[in-house]
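Because the structure is a prediction, the values reported are computed rather than measured.
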Amino acid sequence: MMKRLLLIVVALACAVLAHVQRNDAIDINGESCHLRSYPLNEYIETHYSEWPFRPTFHGPGDGGGYWGFWSIRDSMLYLDSVTINAWGRSSIIMDHGDRKHFSVGIPSQEVVLDRSVKHNSFFVFPKTFGPLLADFVSGDLDASCINIKRGKIFIYAMSLKSGRVLNLSKKEYDKKDYVKALNSMKNKHRNKGERKILRPYQESSSPFISYYYLLDRLQQKQDSADISMYISNPRCDTRFKHFENFFKINAVDAMHASSENGDDLLYTFYVTPKTKKSTFRELVFELHYDLKAQNFSDSPIDAVELYVKSFAAILKNPIFEKWLEKKKVQMDYREIKLEKEERLRINMRSLGRPYECPIDDVLKNTGMSGNYIGSLTFDGIMMPQYKFVLSDNGDVLVTWAVLSSDENFFKINFTDKPVRIGISKDKDSSSAETCEKPFYNYLIIRNDGTIEYGPKSGDL
């Protein structure tokens with residue numbers, strides 16, 4: 001059965017050089033449009049105990065980590081295909097700046113299972129691989145369409161019952177009114193009733209893990225091939241050998257960075273520690289390389305030392321280590337960056353812009369103990385998901401977190417949020433005073449397992 005599955009997956013896999021869409025696609029009367037909601041999500045919430053898709057680009061509330069491709073034919077809605085996707089980390093398409101991404105198709109019939117039949121396996125092999133009648137979709141849907149050749153923008157509004165289109169209307173907009181229309185639709189299709197709370201994506205229980213296995217193989221094959229394009233310059237620095245001996249390099253990216261002589265490259269290394277135990281599946285390090293001097297501005301040996309000290313500090317905080325281990329299997333982030341910073345961004349509410357304070361001042365004035373080790377950032381799509389500041393005694397300062405209302409984040413008691421934590425100050429003052437107490441909106445995860453809330457931390 002597994003062999004048959006892999007053969008099916010291979011036939012449905014592809015690498016794409018294209019702009020990454022953020023919404024499900026739908027074909028309406030030959031026009032290519034994008035749905036403004038995710039009709040497959042409600043089915044998934046009803047029929048799966050855990051979210052089956054790894055959120056490569058989106059979380060469950062925003063597309064769920066898959067792309068759905070739909071069409072309307074003969075007044076019926078069809079789910080034509082579902083794909084899961086991954087970035088090529090080192091491949092840049094210079095024409096329009098997009099990265100290569102890889103897609104693996106999952107037959108719609110495997111996603112929308114026939115629950116009237118009991119199956120003895122995760123995998124249900126459909127008789128056909130064609131479009132699936134979307135009889136599980138009822139209610140209102142909207143779709144936006146941009147006709148570049150005609151310079152037109154349209155919005156389709158439709159009502160459906162069990163996949164049948166009862167009404168379909170089309171309205172043309174100019175750019176200004178179109179933005180307003182999209183904003184008004186933002187919460188239109190949210191389910192106001194009780195919704196089943198799903199457990200996050202877990203690699204061990206997803207029915208589509210074999211598809212992700214192939215997706216990761218496709219991504220890694222391209223990343224490994226691209227390493228040879230970028231690795232020759234770093235190896236000119238003799239200190240880089242220690243970095244390679246300690247880390248397995250999964251992917252490398254390089255881009256020109258602004259400098260006085262214009263000869264600097266910013267290298268991004270996606271690495272996995274070769275040590276037996278690690279709380280990280282993969283880490284990201286950024287190192288500046290001087291092409292003229294043919295060496296790194298910061299020693300690659302320092303990056304190894306940063307990891308060793310950070311890992312030792314994490315082991316002193318069991319509750320934080322446990323959280324990291326859980327994140328490793330959920331894969332609901334894009335990447336984890338480890339770096340050493342001199343200054344930390346503070347949000348100035350009165351100015352509407354951030355202000356940077358020396359990192360040691362921040363630790364001192366938030367009541368952190370120990371010495372600063374490094375900063376750990378979980379990157380999201382448009383902004384960081386979490387940012388942690390590590391001290392050598394195991395205490396962890398949470399300076400940034402974007403939390404969903406159903407997320408269990410270190411015993412935070414949610415009411416009707418989502419919550420956004422971001423270390424801040426209420427009002428501006430002189431540079432010397434700005435970095436003094438009080439700071440607001442932060443958490444400290446103490447090494448003894450206690451959680452300390454800074455003033456006004458999300459008004460918890």
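Using cut-offs of 30° and 60° for the angle between ring planes, the F410 and F388 rings count as perpendicular. Between F246 and H242, the ring planes lie tilted relative to each other; the angle falls in the 30° to 60° range.
Side chains of S144 and R36 form a contact here, defined as non-hydrogen atoms less than 4.5 Å apart. Here the side chains of Y270 and V284 are in contact, with some heavy-atom distance below 4.5 Å. The side-chain heavy atoms of V82 and L40, taken from C-beta on, include a pair separated by under 4.5 Å. Residues F53 and V111 have side chains in contact (heavy-atom distance under 4.5 Å, counting atoms from C-beta outward). Within the 4.5 Å cutoff, no side-chain heavy atoms of I445 are placed close to those of D395. Contact annotation: the side chain of E282 never approaches that of V271 to less than 4.5 Å [non-hydrogen atoms, C-beta and beyond]. Put simply, the side chain of F240 does not reach to within 4.5 Å of the side chain of N295, judged on heavy atoms. Residues I423 and W400 fail the side-chain proximity criterion, which asks for heavy atoms closer than 4.5 Å.
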Begin from the C-alpha positions of L324 and K327 and carry the test side chain to side chain contact (heavy atoms under 4.5 Å, CB included) through to its verdict.
CA-CA 5 Å; L324 290 175; K327 278 291 173 187; 5.5 Å; no

Test log, rule side chain to side chain contact (heavy atoms under 4.5 Å, CB included), inputs V398 and F409
CA-CA 11 Å; V398 184; F409 186 78; 4.1 Å; yes

Residues V252, D223; criterion side chain to side chain contact (heavy atoms under 4.5 Å, CB included); working and verdict
CA-CA 7 Å; V252 183; D223 288 340; over 6 Å; no

Could you walk me through whether K337 and F378 pass the side chain to side chain contact (heavy atoms under 4.5 Å, CB included) check?
CA-CA 7 Å; K337 183 185 297 182; F378 284 66; over 6 Å; no

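Taking every heavy atom of both residues into account, A303 and F285 meet most closely at O-CE2, 3.7 Å. In plain terms, the two heavy atoms of F439 and C357 that are nearest each other are CZ-SG, 4.4 Å. Heavy-atom minimum distance, A143 versus I26: CB-CG2, 3.9 Å. Of all non-hydrogen atoms in S310 and L338, the two that sit nearest each other are OG-CD1, 3.8 Å. Taking all atoms of both residues into account, the shortest heavy-atom contact from S375 to V389 is OG-CG2, 4.2 Å. Residue L215 comes nearest to I84 through the heavy atom pair CD1-O, 3.9 Å, listed as atom of the first residue, atom of the second, then distance.
Between the side chains of D226 and Q222, at least one donor N or O lies within less than 3.5 Å of an accepting N or O. Side-chain atoms of Y307 and S278 include a donor-acceptor pair closer than 3.5 Å. A donor atom on one side chain and an acceptor atom on the other are not found under 3.5 Å apart for N233 and Q294. For the residue pair R281/T272, the side-chain donor-acceptor check at 3.5 Å is not satisfied. For the residue pair D392/N371, the side-chain donor-acceptor check at 3.5 Å is satisfied. Using modelled atom types, one finds no donor on one side chain facing an acceptor on the other under 3.5 Å when comparing Y212 with E203. No hydrogens or angles considered: a donor-acceptor pair under 3.5 Å links the side chains of N85 and S103. The closest side-chain donor-acceptor pair between E325 and T279, if any, does not fall under 3.5 angstrom.
Taken to the nearest 0.5 Å, the CZ atom of R343 stands 11.0 Å off from the CG atom of D360. In this structure, the separation between OG on S299 and CG on D237 is 7.0 Å, given to the nearest 0.5 Å. Note: W323 CH2 to N317 CG = 12.0 Å, rounded to the nearest 0.5 Å. Rounding to the nearest 0.5 Å places CG of L291 at 4.0 Å from CG of L265. Distance check, rounded to the nearest 0.5 Å: CZ of F320 to CG of N447 gives 13.0 Å. A distance of 7.5 Å separates CG of N250 from OG of S224, quoted to the nearest 0.5 Å.
The environment of CG in D298 is sparse: at most 12 heavy-atom neighbours from other residues, nucleotides or ligands sit within 6.0 Å. No more than 12 heavy-atom neighbours from other residues, nucleotides or ligands sit within 6.0 angstrom of NZ on K309. Within 6.0 Å of NZ in K248 there are more than 12 heavy atoms belonging to other residues, nucleotides or ligands. Sparse packing is recorded around CZ of R217, with 12 or fewer heavy atoms of other residues, nucleotides or ligands lying under 6.0 Å away.
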Show me the donor-acceptor pairs within less than 3.5 Å that the side chains of residues 361-368 make with the rest of the protein, sequence neighbours left out.
| from | atom 1 | to | atom 2 | distance (Å) |
| --- | --- | --- | --- | --- |
| N365 | ND2 | D361 | O | 3.1 |
| N365 | ND2 | C435 | O | 2.7 |
| T366 | OG1 | V362 | O | 2.8 |
| T366 | OG1 | L363 | O | 3.2 |

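Under the 3.5 Å distance criterion, the side-chain polar atoms of R239 are matched with a main-chain donor or acceptor of F296. In this structure, the side chain of T450 does not engage the main chain of R446 through any donor-acceptor pair within 3.5 Å. Side-chain atoms of E356 do not come within 3.5 Å of backbone N or O of I346 as any donor-acceptor pair. The closest donor-acceptor contact from the side chain of S206 to the backbone of P52 lies under 3.5 Å. A side-chain donor-acceptor contact under 3.5 Å links K274 to the backbone of E244. Of the possible donor and acceptor atoms, none in the side chain of S37 sits under 3.5 Å from a partner among the backbone N and O of P39. Panel note: side chain S391, backbone Y372; no donor-acceptor pair is recorded below 3.5 Å.
Tested against D24, the residues Y38, W70, Y66, W67 include a single side chain to side chain donor-acceptor pair (under 3.5 Å) partner, W70. Across K221, R54, R89, a single residue satisfies salt bridge (Lys or Arg N to Asp or Glu O under 4.0 Å) together with D216, and that is R54.
The pair K326-E321 fails the salt-bridge criterion, with no side-chain N (NZ, NE, NH1 or NH2) lying under 4.0 Å from an Asp/Glu carboxylate O.
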